[in-house]
Amino acid sequence: MDKIGLLLLISSGITNSLANSLLKTAFAGNNIFAGGLISGLIKVITNPWAVGGAAMFGVSFLFFGSALARVNLSMAYPFMSGTAFLLIFLISLLFFKETINIWGAVGAFSILFGIILISVKG
């Protein structure tokens with residue numbers, strides 16, 4: 001994996017985790033479609049956090065698509081997904097004050113170890 005491909009994948013993971021975090025901020029504890037489909041869609045498009053989250057998914061898509069020109073899909077997807085997962089793990093602890101049990105921590109470290117293996121030996 002070359003440096004630019006690595007940077008693109010990390011950027012995709014960061015923007016993907018940011019997108020998910022913005023959506024969590026936008027709709028945490030709210031049933032978006034409780035009032036029906038049209039009402040839910042209006043809630044989504046008028047919520048700046050949701051619009052920002054959708055935009056970040058778009059940016060993540062662009063970074064990931066660019067990375068695929070340089071990196072094998074079998075390496076790129078696990079790396080990007082694992083990076084996003086680990087960042088969301090940290091964000092959920094630090095910003096959303098969510099609790100993580102021992103199995104979640106072991107799983108996160110397993111993913112980190114897998115990312116290292118894919119990056120070094122892939």
Side-chain angles (χ1 to χ4, degrees):
M1 184 178 329
D2 67 358
K3 290 179 184 179
I4 295 175
L6 179 64
L7 180 63
L8 289 166
L9 289 174
I10 291 170
S11 298
S12 180
I14 290 169
T15 52
N16 185 288
S17 61
L18 180 58
N20 282 288
S21 300
L22 289 170
L23 291 180
K24 170 77 172 179
T25 301
F27 300 115
N30 296 322
N31 183 349
I32 300 168
F33 295 107
L37 180 63
I38 301 300
S39 173
L41 291 174
I42 291 170
K43 287 179 191 174
V44 170
I45 62 174
T46 59
N47 187 317
W49 297 105
V51 172
M56 284 296 102
F57 275 126
V59 172
S60 178
F61 173 83
L62 293 174
F63 282 135
F64 189 67
S66 296
L68 289 178
R70 308 177 77 88
V71 181
N72 291 339
L73 178 61
S74 61
M75 287 177 48
Y77 187 77
F79 188 93
M80 186 280 296
S81 298
T83 301
F85 173 79
L86 291 173
L87 289 171
I88 289 170
F89 184 85
L90 292 173
I91 290 167
S92 68
L93 284 171
L94 298 173
F95 295 102
F96 296 114
K97 307 298 184 211
E98 296 177 359
T99 58
I100 305 296
N101 63 26
I102 188 68
W103 295 110
V106 169
F109 283 110
S110 298
I111 290 170
L112 179 61
F113 182 67
I115 289 171
I116 292 168
L117 285 177
I118 288 171
S119 300
V120 174
K121 300 294 180 188

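Side chain of N72 to backbone of M75: no donor-acceptor contact under 3.5 angstrom is found.
Of all non-hydrogen atoms in F64 and S12, the two that sit nearest each other are CB-OG, 3.4 Å. Between G53 and A19, the shortest heavy-atom contact is O-CB, 3.3 Å. Taking every heavy atom of both residues into account, I100 and S92 meet most closely at CD1-OG, 4.2 Å. Between F33 and L41, the closest heavy-atom pair is CE2-N, 3.9 Å. Taking all atoms of both residues into account, the shortest heavy-atom contact from G104 to N101 is N-OD1, 2.8 Å. When all heavy atoms are compared, the tightest approach of A108 to L86 is O-CD2, 3.3 Å.
The hydrophobic cluster containing W49 does not contain I14, counting ILVMFWY residues as joined when their side-chain heavy atoms lie under 4.5 angstrom apart, directly or transitively. No chain of hydrophobic side-chain contacts below 4.5 Å, direct or via other Ile, Leu, Val, Met, Phe, Trp or Tyr residues, connects I10 to F61. Hydrophobic cluster membership differs between I91 and L23, with clusters built from Ile, Leu, Val, Met, Phe, Trp and Tyr side chains linked at under 4.5 angstrom. Residues L7 and L73 do not share a hydrophobic cluster, defined by chaining ILVMFWY side chains whose heavy atoms lie under 4.5 Å apart. Both V71 and L68 are assigned to one and the same hydrophobic cluster, defined by single-linkage of ILVMFWY side chains at heavy-atom distances under 4.5 Å.
Here I42 contributes atom CD1 and I32 contributes atom CD1; the two are 13.5 Å apart, rounded to the nearest 0.5 Å. Distance check: M80 CE to T15 OG1 gives 8.5 Å after rounding to the nearest 0.5 Å. Summarising the geometry, atom OG1 belonging to T83 is positioned 7.5 Å from atom CG belonging to L9; distances are rounded to the nearest 0.5 Å. To the nearest 0.5 angstrom, L18 atom CG is 10.0 Å from I88 atom CD1. Separation of atoms CZ (F85) and CG (L90) is listed at 9.5 Å; rounding is to 0.5 Å. Between the CZ atom in R70 and the CD1 atom in I4 there is a gap of 4.0 Å [rounded to 0.5 Å].
Surrounding CG of L94 are more than 12 heavy atoms belonging to other residues, nucleotides or ligands, all under 6.0 Å away. Atom CZ of F96 has more than 12 neighbouring heavy atoms from other residues, nucleotides or ligands inside a 6.0 Å radius.
In terms of the salt bridge (charged side-chain N to carboxylate O under 4.0 Å, His left out) criterion, residue partners of K24 (sequence neighbours excluded) are, by chain and number, E98.
Side-chain contact between F95 and T25: absent, with no pair of heavy atoms (C-beta onward) separated by less than 4.5 Å. Using a 4.5 Å heavy-atom threshold, the side chains of F27 and V44 count as touching. Using a 4.5 Å cut-off on side-chain heavy atoms (C-beta onward), V59 and M56 make contact.
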**Report entry** Worked verdict on N20 versus F57 for side-chain contact (heavy atoms from CB on, under 4.5 Å)
**Finding:** CA-CA 8 Å; N20 282 288; F57 275 126; 3.7 Å; yes
Query raised in the report: Are F63 and N16 close enough, and set up right, to give a side-chain contact (heavy atoms from CB on, under 4.5 Å), and what steps lead you there?
Result: CA-CA 10 Å; F63 282 135; N16 185 288; over 6 Å; no
